[in-house]
Novice: 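Right, I'll just put the structure down here and ask away after.
Keep in mind that what you see is a predicted model, and the values were worked out from it rather than measured.
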Amino acid sequence: MAFAALWCRNRCRRRCAISNQEVAALLEDIADLLEVKNENQFRVRAYREAARTIGGMTEDVLKLWEEGRLREIPGVGPSIASKIDEFLRTGRLQYYEELRAQTPVGFTQLLSVPGLGPRRAEILRQKLGVTTLAQLEEALREHRVRGLPGFGEKVEENLLREIERLPQRQRRLLLGVALPAAEEVISLLRGHPAVARISEAGSIRRRVETIGDIDILVASDRPLEVMDAFTTLPIVKETLAKGPTKSSVLTKSNLQIDLRVVRIQEYGSALQYFTGSKSHNIALRDIAIAKGYKLSEYGLFEADTGRVIAQETEDQIYLALGLEPIPPELRENRGELEAAARRELPDLVQLSDICGDLQVHSDWSDGHNSVEEMARAAKDLGLEYIAMTDHSQGLGVAGGLTPERVVEQGALIRDLNRRLAPFRILHGAEVDIRADGSLDYDDTVLRQLDYICISVHNAFGQSRERMTQRVAKALQHPLVHALNHPTGRLIGRRRGYDLDLEEIIRVAAEHGKALEINAQPDRLDLDDVWARRAKEAGVPLVISTDAHELGHLDFMRYGVFVARRGWAEKGDVLNTRSLKSLEAWLHQRRKAA
DNA sequence: GCCGTTTTCGGCCCGACTGTTTTCAGTCG
């Protein structure tokens, strides 16, 4: 619930911007509350749609509000607009408070139990006075639930099991964990004679940063053989369900993987359907309906006659609907359908466009490998260059380099560059931004370096205002090239520091600085939404692995996924430049400084 | 509550599955 965050904000609403995420959370809460009140489902959906749009929007809702343009947001009509207005103006919303007052605390949590929707939750409340998860569990164990209208023995059993599994279900997997697991299953099944086609689907295929379920789709005319092969894979610990169209297993590393099998001719429509997102699919069906078609996982059909229009490939479906084929990463209903209709989809950056890695560490600071090992590994991956960016002196725990050590490392790098040419190691540093916004090296040290990226590594607890001033000041330093992991978040473990990213993007754009997409799977920082915002502001993105050992160099693709989800093209990403072009860019910066 | 190439009312994505029911409601993805 966004409740706590909302009321914290009230205290400083004049100075602290209320973010899109907070408005989205408010609307989402309202949808939950309306849902448990058994309100008109279309009203519930209207709030959810508005929340989703605002949550994924790159424009600042506060700015739109100031300009009186709230109604221009798709899904925001007079009623929701006036509620957002009240919230932004006063920091609170009467309507929301009333809804909350009418709903017992904890009641909306009941809907997080799979199999329990608003209708049955309301019956539980009326007949048994159940309003919390704990009360529900107790009632289930005492068998007071069976016999209620719509509840039988089976429902009781299922609900109890789902409550017990709830803690596991609510944990989302990092893409960096889920994708390799899916790829292993795919590589094991790909050669099977009954498997005609196979792909990951769902949020994994859209490269969302965290994943709920791992979904794999197979086309086959012999589904039972596929299911046998799947459930007997060596990585499988337990088979949770097995049928002709869908099976689920638990792997030895406790990941649940769902496999669906469809007929070969329906593969394209099934892949489209199972890739989602839900919101993209709903919008796509609207387009189909408007054209007199019907779209489902079985294909695109003429509504009257049922004649097949397209089903074998995803591209055929999009094209038949008058759209450019849309890459999976863009399928979030964030404007991609409109862009596809106008033939204006971006030509997304690819992993193969990446020419170098601009944040790499060695055992000179907290890395595990030598400069030479990192460089040779990067060279073997086909890169033209890396920036060796060991930590600066202030980061004692990471063995940050003193100015003397920087000079020594420079000599080593010059020697290595002679031996590894034409591969190039740029002599760089990841320089700490001190609490007051000054940098952890003075200019005489910085001038010896080819590439300077800066990071916040301490004093995370500063106020939004101070943190923003601190980072903005550091970023404006003429010798600085890029800001690393701009929010400092660690997915699932640590929220980012309180920072006005809109302002940081503005400063970066004004001073020609780059912002990093850090490719470590638990960082992915900037995220997709902010990466898109940066791109739109004309700020160059730099995708780096922040590698601390050889294997981390392979993380590059996760950063590329974020960039793609942020609509970035090759030209938007600094390290797609060839070495020569990058050196020209660096030279130009140096001259300006 | 939103929205409009059937427009200011009457719609709102689609199909499968489950369990409770005798034809369907609720839930899910």
Novice: Using a heavy-atom cut-off of under 4.0 Å over every strand shown, decide if A/N40 touches base, sugar-phosphate, or nothing.
Specialist: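 Base, at least one base atom sits under 4.0 Å.
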
Novice: In whole angstrom, give me the gap between the P atoms of B/dG1 and B/dT6.
Specialist: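 Looking at atom P only, B/dG1 and B/dT6 are 27 Å apart.
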
Novice: Report yes or no: do A/D258 and A/Q256 form a side-chain donor-acceptor pair below 3.5 Å?
Specialist: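 Yes, because at least one side-chain N or O of A/D258 sits under 3.5 Å from a partner of the opposite role on A/Q256.
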
Novice: Would one find a side-chain N or O of A/S79 under 4.0 angstrom from OP1 or OP2 of B/dG1?
Specialist: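 For A/S79, the contact criterion (side-chain N or O under 4.0 Å from OP1 or OP2 of B/dG1) is met.
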
Novice: Quick check for you: among B/dC12, B/dG1, B/dG19, whose closest atom lies nearest to any side-chain atom of A/Y47?
Specialist: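 The answer is B/dG1.
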
Novice: For A/E153, answer base if it contacts any base atom (sugar-phosphate contacts may also be present), sugar-phosphate if it contacts only those atoms, and nothing otherwise; contact means non-hydrogen atoms under 4.0 Å.
Specialist: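 Touches sugar-phosphate only.
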
Novice: Without hydrogens or angle criteria, can the side chains of A/T275 and A/R205 be said to hold a donor-acceptor pair below 3.5 Å?
Specialist: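 There is such a pair (donor and acceptor under 3.5 Å, judged by atom type) between the side chains of A/T275 and A/R205.
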
Novice: Atom CD of A/E39 to atom P of B/dG1: distance rounded to whole Å?
Specialist: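 Whole-Å distance recorded here is 7 Å.
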
Novice: Measure from CG on A/L34 to P on B/dG1 and round the result to the nearest Å.
Specialist: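 Atom-to-atom, A/L34 to B/dG1, this comes out as 8 Å.
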
Novice: Among the nucleotides B/dG1, B/dA16, B/dC12, which one has an atom lying closest to any side-chain atom of A/Y298?
Specialist: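 For the A/Y298 side chain, the nearest candidate turns out to be B/dA16.
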
Novice: Which one is paired to B/dT8, where only Watson-Crick or G-U wobble pairs with both distances under 3.5 angstrom count?
Specialist: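 B/dT8 is unpaired by these criteria.
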
Novice: Does A/V44 or A/F301 map to a spot on DNA chain B nearer the 5' end, using the closest nucleotide for each?
Specialist: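 Looking at DNA chain B, the more 5' nearest nucleotide goes with A/V44.
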
Novice: With a 4.0 Å cut-off on heavy atoms, is A/L284 in touch with a base, just the backbone sugar-phosphate, or nothing at all?
Specialist: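 The answer is nothing, as A/L284 stays clear of every strand by at least 4.0 Å.
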
Novice: What is the separation between atom CG on A/N281 and atom P on B/dC14, rounded to the nearest whole Å?
Specialist: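 So the CG-P distance, A/N281 to B/dC14, works out to 12 Å.
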
Novice: Would you indicate what A/K278 reaches in the nucleic acid, counting non-hydrogen atoms under 4.0 angstrom: base, sugar-phosphate, or nothing?
Specialist: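 Counting heavy atoms under 4.0 Å across all strands, the contact made by A/K278 includes a base.
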
Novice: With respect to the side chain of A/R120, which nucleotide from B/dG26, B/dC12, B/dC17 is positioned closest?
Specialist: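 From the listed options, B/dG26 comes nearest.
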
Novice: Would you say the side-chain atoms of A/R52 and A/S279 include a donor-acceptor pair closer than 3.5 Å?
Specialist: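 Yes, because at least one side-chain N or O of A/R52 sits under 3.5 Å from a partner of the opposite role on A/S279.
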
Novice: What is the nucleic acid contact for A/P78, judged by heavy atoms within less than 4.0 Å: base, sugar-phosphate only, or nothing?
Specialist: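 The answer is sugar-phosphate, as A/P78 gets under 4.0 Å only of primed atoms, P, OP1 or OP2.
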
Novice: Expressed in angstrom and rounded to an integer, what is the separation of A/L33 atom CG from B/dG1 atom C1'?
Specialist: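 About 16 Å, once rounded to whole Å.
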
Novice: Can you tell me the distance, in whole Å, between the CD1 atom of A/I123 and the C1' atom of B/dG26?
Specialist: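 Rounded to the whole Å, the gap is 9 Å.
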
Novice: May I ask you to test the A/E297-A/E266 pair for a side-chain heavy-atom distance under 4.5 Å?
Specialist: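 In short, these two side chains do not touch, never coming nearer than 4.5 Å.
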
Novice: Which of the following nucleotides, B/dT27, B/dA16, B/dT20, is nearest to the side chain of A/E297?
Specialist: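 Nearest to the side chain of A/E297 among the choices is B/dA16.
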
Novice: Looking for any heavy atom pair under 4.0 Å, which part of the strands does A/K291 touch: base, sugar-phosphate only, or nothing?
Specialist: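 The answer is nothing, as A/K291 stays clear of every strand by at least 4.0 Å.
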
Novice: Rounded to the nearest angstrom, tell me the gap between atom CD in A/E122 and atom C1' in B/dA25.
Specialist: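 Distance, rounded to whole Å: 16 Å.
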
Novice: Could you work out the separation of B/dT20 and B/dA25 based on their P atoms and round it to a whole Å?
Specialist: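 B/dT20 and B/dA25 have their P atoms separated by 16 Å.
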
Novice: Any chance the side chains of A/Q102 and A/E98 put a donor and an acceptor closer than 3.5 Å?
Specialist: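 Looking only at side-chain atoms, A/E98 and A/Q102 do not form any donor-acceptor pair under 3.5 Å.
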
Novice: Sticking with atom P, work out how far B/dT8 lies from B/dC14, rounded to a whole angstrom.
Specialist: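 It works out to 22 Å between them.
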
Novice: When the C1' atoms of B/dC2 and B/dT7 are compared, how many Å lie between them, rounded to an integer?
Specialist: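 Their C1' atoms lie roughly 13 Å apart.
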
Novice: B/dT18 and B/dC12: how far apart are their P atoms, nearest whole angstrom?
Specialist: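 About 27 Å, rounded to a whole number of Å.
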
Novice: Taking the same atom, P, in B/dT21 and in B/dT27, what whole-Å distance lies between them?
Specialist: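 Each nucleotide's P atom is 14 Å from the other's.
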
Novice: Both A/R260 and A/V76 contact DNA chain B. Taking the nearest nucleotide for each, which residue is further toward the 5' end?
Specialist: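 Final value for this comparison: A/V76.
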
Novice: Of the options B/dG1, B/dG26, B/dC14, whose atoms approach the side-chain atoms of A/Y273 most closely?
Specialist: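 Nearest to the side chain of A/Y273 among the choices is B/dC14.
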
Novice: Of the nucleotides B/dT27, B/dG1, B/dG19, which one has an atom closest to the side chain of A/F42?
Specialist: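 Among B/dT27, B/dG1, B/dG19, the one nearest the side chain of A/F42 is B/dG1.
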
Novice: Side chain of A/R119 only, please: which of B/dC17, B/dC2, B/dG26 is the nearest?
Specialist: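 Nucleotide nearest to A/R119's side chain: B/dG26.
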
Novice: If you check the A/I80 side chain, which of B/dG15, B/dG1, B/dT27 turns out closest?
Specialist: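 My answer, after comparing the listed nucleotides, is B/dG1.
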
Novice: In terms of side-chain heavy atoms of A/K294, which of B/dG1, B/dC14, B/dC17 is nearest?
Specialist: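 It is B/dC14.
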
Novice: Could you check whether A/Q272 and A/Y318, counting side-chain N and O atoms only, form a donor-acceptor pair closer than 3.5 Å?
Specialist: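 Note: A/Y318 and A/Q272 side chains meet the donor-acceptor criterion.
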
Novice: So, is A/K83 near the phosphate of B/dG1, with a side-chain N or O under 4.0 Å from OP1 or OP2?
Specialist: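 Indeed, a polar side-chain atom of A/K83 lies that close.
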
Novice: Are a donor atom and an acceptor atom from the side chains of A/S82 and A/E86 found within less than 3.5 Å of each other?
Specialist: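 The criterion, which ignores hydrogens and geometry beyond distance, is not satisfied for A/E86 and A/S82.
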
Novice: Measuring from the side chain of A/P114 (C-beta onward, heavy atoms only), which nucleotide among B/dC28, B/dG26, B/dC2 has the closest atom?
Specialist: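 So the nucleotide nearest the side chain must be B/dC28.
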
